[in-house]
Trainee: 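Sharing a structure with you now.
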There are 2 protein chains.
Amino acid sequence: MIMAEETVFTEKQQKAARYAKAMGHPVRMYVLELLSNQSCCYSGNLSDELPIAKSTLSQHLKELKDAGLIQGEIEAPRVKYCINRANWKEAQLLFKEFLKI
Amino acid sequence: MIMAEETVFTEKQQKAARYAKAMGHPVRMYVLELLSNQSCCYSGNLSDELPIAKSTLSQHLKELKDAGLIQGEIEAPRVKYCINRANWKEAQLLFKEFLKI
DNA sequence: ATCTTTGTTCGTAATATTACGAATGATAAT
DNA sequence: ATTATCATTCGTAATATTACGAACAAAGAT
């Protein structure tokens with residue numbers, strides 16, 4: 001996005017858009033739904049369930065991480081992924097406000 | 001997306017992802033917020049407020065229309081855009097469920 | 001020390017997104 | 001009929017996304 005420094009957009013709009021973008025793919029929706037329901041999971045579990053290459057899954061997980069919605073901690077040789085509770089809560093609030101629900 | 005015919009994803013996940021994707025840009029977030037608050041608006045109003053070319057705005061509006069979140073009716077020579085109430089409600093429900101709020 | 005397991009990163013390709021200005025279309029006003 | 005207004009579509013370019021398999025990295029098990 002180029003768009004002038006002093007944007008017209010509120011901080012909230014930009015944050016909500018960022019989260020929405022991260023949610024904007026079935027694979028990432030699937031992961032988020034799973035992780036928000038149970039505590040955590042291993043990348044391998046997801047890989048077994050999803051019809052995509054491991055490397056592709058890694059990319060999606062990275063996007064969710066970059067957006068701040070999940071976090072991964074190494075539990076060698078595996079990686080345990082969990083929801084990032086703080087940001088998840090923020091996303092909940094933002095969408096609650098935005099959607100007025 | 002290629003991914004096998006019989007996807008692992010639920011209808012809800014796919015729909016929610018579709019809506020989320022449409023919301024995943026500040027301009028579109030801005031438009032949605034405006035339209036969900038007031039009844040309707042004209043493309044020109046948006047164009048005045050937003051730091052993007054008219055043609056770019058048109059593209060964003062088309063995306064929101066294609067996702068089903070807004071609808072435009074011609075009121076020549078202008079176009080009046082409104083929220084698509086039915087689908088907006090569906091999106092509210094989907095996100096409510098997804099985010100558990 | 002080597003092998004195994006697990007995930008990420010790299011290299012690559014196809015497609016989608018975002019953006020602009022110019023051209024076009026559609027209708028109202030003159 | 002011509003002109004003015006408003007918005008979309010077209011043509012184009014730069015960048016991002018999505019996907020794959022191969023190569024690599026990290027750490028536990030043998």
Side-chain angles (χ1 to χ4, degrees), chain A residues 1-5 7-9 13-14 17-32 34-35 40-67 69-82, chain B residues 1-5 7-9 13-14 17-32 34-35 40-67 69-82:
Chain A
M1 202 175 357
I2 302 183
M3 286 195 283
E5 321 75 61
T7 53
V8 168
F9 309 110
Q13 280 166 345
Q14 294 184 69
R18 183 79 184 78
Y19 286 135
K21 192 177 178 187
M23 295 175 193
H25 190 287
V27 165
R28 298 196 292 266
M29 214 61 190
Y30 181 99
V31 171
L32 286 173
L34 197 132
L35 286 183
C40 294
C41 81
Y42 295 98
S43 175
N45 306 143
L46 297 168
S47 188
D48 293 341
E49 292 161 9
L50 295 171
I52 54 170
K54 278 177 154 201
S55 53
T56 305
L57 175 59
S58 246
Q59 262 179 120
H60 283 299
L61 293 172
K62 180 166 162 34
E63 276 201 55
L64 288 173
K65 235 190 315 185
D66 290 349
L69 289 172
I70 68 169
Q71 56 201 9
E73 51 181 301
I74 294 160
E75 223 172 73
R78 298 184 294 176
V79 178
K80 190 170 77 172
Y81 281 102
C82 311
Chain B
M1 202 174 357
I2 301 183
M3 287 196 282
E5 321 75 59
T7 52
V8 168
F9 311 110
Q13 281 167 345
Q14 294 184 67
R18 183 78 184 80
Y19 286 135
K21 191 178 180 187
M23 294 176 193
H25 190 287
V27 166
R28 298 195 293 266
M29 214 60 191
Y30 181 98
V31 172
L32 286 174
L34 197 132
L35 286 184
C40 295
C41 81
Y42 295 97
S43 176
N45 305 143
L46 297 168
S47 189
D48 293 342
E49 293 160 7
L50 295 172
I52 54 172
K54 277 178 154 201
S55 52
T56 305
L57 174 59
S58 249
Q59 261 178 121
H60 283 299
L61 293 173
K62 180 167 162 33
E63 277 202 54
L64 289 173
K65 235 189 315 183
D66 290 349
L69 289 172
I70 68 170
Q71 57 202 7
E73 50 181 302
I74 293 160
E75 223 172 72
R78 299 184 294 175
V79 178
K80 191 170 76 171
Y81 280 102
C82 311

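Note: hydrogens, waters and symmetry copies are ignored here, and every other heavy atom, side chains too, is used. Just so we're on the same page: letters track the sequence lines, and every chain starts at 1.
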Trainee: Atom CG of A:Asp48 and atom P of C:dG7: how far apart are they, to the nearest Å?
Mentor: 9 Å
Trainee: So, is B:His25 close to the C:dA19 phosphate, meaning a side-chain N or O under 4.0 Å from OP1 or OP2?
Mentor: yes
Trainee: Identify the heavy atoms of B:Leu34 and B:Glu49 that sit nearest to each other, and give their distance.
Mentor: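 That would be CD1-OE1, 3.8 Å.
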Trainee: Nearest whole Å is fine: how far is D:dT8 P from B:Glu75 CD?
Mentor: 13 Å
Trainee: Is it true that B:Glu73 and B:Tyr81 share a donor-acceptor pair across their side chains at a distance under 3.5 Å?
Mentor: no
Trainee: For a quick test of reading the model, state the closest non-hydrogen atom pair linking B:Leu64 to B:Ala22 and the distance between them.
Mentor: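 In this case the closest contact between B:Leu64 and B:Ala22 is CD2-O, 3.8 Å.
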Trainee: On DNA chain C, does the nearest nucleotide to B:Glu63 precede the nearest nucleotide to A:Tyr42 from the 5' side, or the other way round? Give the residue.
Mentor: A:Tyr42
Trainee: What I want to check is whether an N or O donor and acceptor connect the side chain of A:Ser55 with the base of D:dG21 at under 3.5 Å.
Mentor: yes
Trainee: In whole angstrom, give the distance that lies between atom CD1 of A:Ile74 and atom C1' of C:dT9.
Mentor: 14 Å
Trainee: Please tell me if B:Ser43 has a side-chain N or O lying less than 4.0 Å from either OP1 or OP2 of D:dT8.
Mentor: yes
Trainee: Should the ring pair B:His25 and B:His60 be called parallel, tilted or perpendicular, given that the plane angle runs from 0 to 90° and is split at 30 and 60?
Mentor: tilted
Trainee: Which heavy atom of B:Val8 sits nearest a heavy atom of B:Gln13, and at what distance?
Mentor: O-OE1, 4.5 Å
Trainee: Calculate the interatomic distance between A:Lys54 atom NZ and D:dC20 atom P; express it in whole Å.
Mentor: 14 Å
Trainee: Where do B:Leu35 and B:Cys82 come nearest, in terms of heavy atoms and distance?
Mentor: CD1-C, 4.0 Å
Trainee: Rounded to whole angstrom units, what separation is found between the CG atom of B:Leu46 and the P atom of D:dT8?
Mentor: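 After rounding, the reported distance stands at 10 Å.
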Trainee: Please list, for nucleotides 28-30 of chain D, all pairs of protein and nucleotide N/O atoms separated by less than 3.5 Å.
Mentor:
none

Trainee: Is the shortest side-chain N/O distance from B:Arg78 to OP1 or OP2 of C:dA26 below 4.0 Å?
Mentor: no
Trainee: Using only side-chain N and O atoms of A:Tyr81, determine if any of them is under 4.0 Å from OP1 or OP2 of C:dT8.
Mentor: yes
Trainee: Report the distance from atom NZ of A:Lys62 to atom C1' of C:dT9, rounded to the nearest whole Å.
Mentor: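 After rounding, the gap between these two atoms is 10 Å.
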Trainee: So, OP1 or OP2 of D:dC20: does either fall under 4.0 Å of a side-chain N or O from A:Thr56?
Mentor: yes
Trainee: May I ask you to evaluate whether A:Lys21 reaches the phosphate of C:dT17, defined as a side-chain N or O under 4.0 Å from OP1 or OP2?
Mentor: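 The answer is no; no side-chain N or O of A:Lys21 sits under 4.0 Å from OP1 or OP2.
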Trainee: If you check the A:Gln59 side chain, which of D:dT8, D:dC20, C:dG7 turns out closest?
Mentor: D:dC20
Trainee: Looking at every heavy atom in both B:Lys54 and B:Ser47, which two are closest together, and how far apart are they?
Mentor: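 Taking every non-hydrogen atom into account, CG-OG, 3.2 Å.
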Trainee: Show your working on side-chain contact (heavy atoms from CB on, under 4.5 Å) between B:Leu32 and B:Met23 and close with a plain yes or no.
Mentor: CA-CA 8 Å; B:Leu32 286 174; B:Met23 294 176 193; 3.8 Å; yes
Trainee: When you measure from the side-chain N and O atoms of B:His60 to the phosphate of C:dA19, is any distance below 4.0 Å, counting only OP1 and OP2?
Mentor: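 Yes, B:His60 has a side-chain N/O under 4.0 Å of OP1/OP2 on C:dA19.
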Trainee: Atom CD1 of A:Ile52 to atom P of D:dT17: distance rounded to whole Å?
Mentor: 16 Å
Trainee: In whole angstroms, how far is the P atom of C:dG7 from the CD atom of A:Glu73?
Mentor: 14 Å
